[in-house]
Amino acid sequence: YNAIVAPTTSEEGHEIWITEGTYTIGAVLSTKSYIKIYGGFKGTESVTTEREKGDAPWIFTNPTVLDANNLTGVLNSRGSRSGVIIDGITACNVKGGRGIIMRGSEMVQNCIIENVDGGNGTKGGGVFFYKGGNMKNSLIRNNKSGNGGGIAFLQVNEATSVVENCVIENNTITDGK
């Protein structure tokens with residue numbers, strides 16, 4: 001349940017379950033293909049559907065917070081990653097980078113991305129979609145960057161991204177673009 005280093009050390013196809021709590025990460029996490037990372041657990045569940053949720057899809061009774069503590073990001077799927085799922089995580093407190101960088105066929109769902117200060121010249125403080133990636137049922141708030149305060153897209157070679165049923169609020173840009 002508690003292994004925050006697991007995304008970089010787990011084998012492809014593994015599921016990582018993280019119990020409630022605030023975890024200060026010591027480095028930006030990167031994933032391997034087909035890793036599924038789930039938060040919002042009390043610690044007694046046997047399937048992901050047993051997690052207790054609140055009134056919105058991103059609200060969990062037992063929240064899992066990954067606090068970057070002013071690192072340049074929380075999650076960056078370096079290279080071409082496929083089938084990665086991030087579900088039930090709050091990513092926060094990034095300085096000089098992006099909360100989450102998504103590539104390819106990744107899915108971020110039921111998450112909160114907040115309090116990211118990307119700095120001038122950065123695209124997408126909260127979430128940066130690079131050559132694809134999808135997000136649904138998530139809250140992106142209180143982020144800022146050079147442009148695309150909450151979300152930015154760089155689509156290349158017919159890549160597509162879908163953002164569905166998300167609330168994007170109180171994000172700002174600093175470069176005026």
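One is the number of the first residue; the rest follow in order along the sequence.
Heavy-atom minimum distance, Ser161 versus Gly132: OG-C, 3.3 Å. Between Lys95 and Asp117, the closest heavy-atom pair is NZ-OD2, 3.3 Å. When all heavy atoms of Ser145 and Gly125 are compared, the closest pair comes out as OG-N, 3.2 Å. Of all non-hydrogen atoms in Arg141 and Leu139, the two that sit nearest each other are NH1-CD2, 3.3 Å. Between Asn137 and Cys166, the shortest heavy-atom contact is N-SG, 3.8 Å. Of all heavy-atom pairs spanning Thr61 and Pro63, the tightest one is O-CD, 3.2 Å.
Between Glu114 and Thr90, the closest side-chain pair of non-hydrogen atoms falls below 4.5 Å. In this structure, the side chains of Glu106 and Leu75 stay at 4.5 Å or more apart for every pair of heavy atoms. Taking the side chain as every heavy atom from C-beta outward, Asn110 and Lys53 approach each other to under 4.5 Å. Between Thr48 and Asp87, every side-chain heavy-atom pair lies at or beyond the 4.5 Å cut-off.
Side-chain N or O atoms of Asn171 include none that pairs as donor or acceptor with a backbone N or O of Lys144 at under 3.5 Å. Formation of a donor-acceptor pair under 3.5 Å by the Thr19 side chain with backbone atoms of Phe41 is not found in this model. Using modelled atom types, one side-chain atom of Glu45 and one backbone atom of Gly43 make a donor-acceptor pair closer than 3.5 Å. A distance-only check finds no donor-acceptor pair linking the side chain of Asn147 to the backbone of Asp175 [under 3.5 Å].
The ring-ring contact (aromatic ring centres under 6.0 Å, His included) contacts involving residues 90-112 comprise nothing, where partners must be two or more places apart or lie in separate chains.
No chain of hydrophobic side-chain contacts below 4.5 Å, direct or via other Ile, Leu, Val, Met, Phe, Trp or Tyr residues, connects Trp58 to Ile89. A single hydrophobic cluster is not seen to contain both Met135 and Ile112; linkage of ILVMFWY side chains at heavy-atom distances under 4.5 Å, directly or through other members, places them apart. Cluster membership for Val108 and Ile18, using ILVMFWY side-chain heavy atoms within less than 4.5 angstrom, is shared. There is a path of hydrophobic side-chain contacts, each under 4.5 Å, that joins Ile168 to Val116. A chain of hydrophobic side-chain contacts below 4.5 Å, direct or via other Ile, Leu, Val, Met, Phe, Trp or Tyr residues, connects Ile100 to Ile25.
Here Phe153 pairs with Phe129 under the ring-ring contact (aromatic ring centres under 6.0 Å, His included) rule; sequence neighbours left out. Listed by chain and number, the residues in a side-chain hydrogen bond (donor to acceptor under 3.5 Å, both in side chains) with Asn62 amount to none (sequence neighbours excluded).
Separation of atoms NZ (Lys136) and SG (Cys111) is listed at 11.5 Å; rounding is to 0.5 Å. Note that CD of Glu169 is 10.5 Å distant from CG of Asn143, once rounded to the nearest 0.5 Å. If you take CD on Glu52 and CD on Glu20, they are separated by 9.5 Å, rounding to the nearest 0.5 Å. Atom CD of Glu15 is separated from atom CD1 of Ile35 by 9.5 Å, given to the nearest 0.5 angstrom. Residue Ile113 holds its CD1 atom at 5.5 Å from CD1 of Ile140, rounded to the nearest 0.5 Å.
The aromatic rings of Tyr38 and Trp17 sit perpendicular, their planes meeting at an angle over 60°, well past the 30° parallel limit. Ring planes of Tyr130 and Phe128: parallel class, angle under 30° (limits at 30 and 60°).
Gln109 pairs in a side chain to side chain contact (heavy atoms under 4.5 Å, CB included) with only one of the listed residues (Asn165, Asn134, Ile85), which is Ile85.
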Test log, rule side chain to side chain donor-acceptor pair (under 3.5 Å), inputs Asn93 and Asp67: CA-CA 6 Å; Asn93 300 326; Asp67 185 336; 3.1 Å; yes
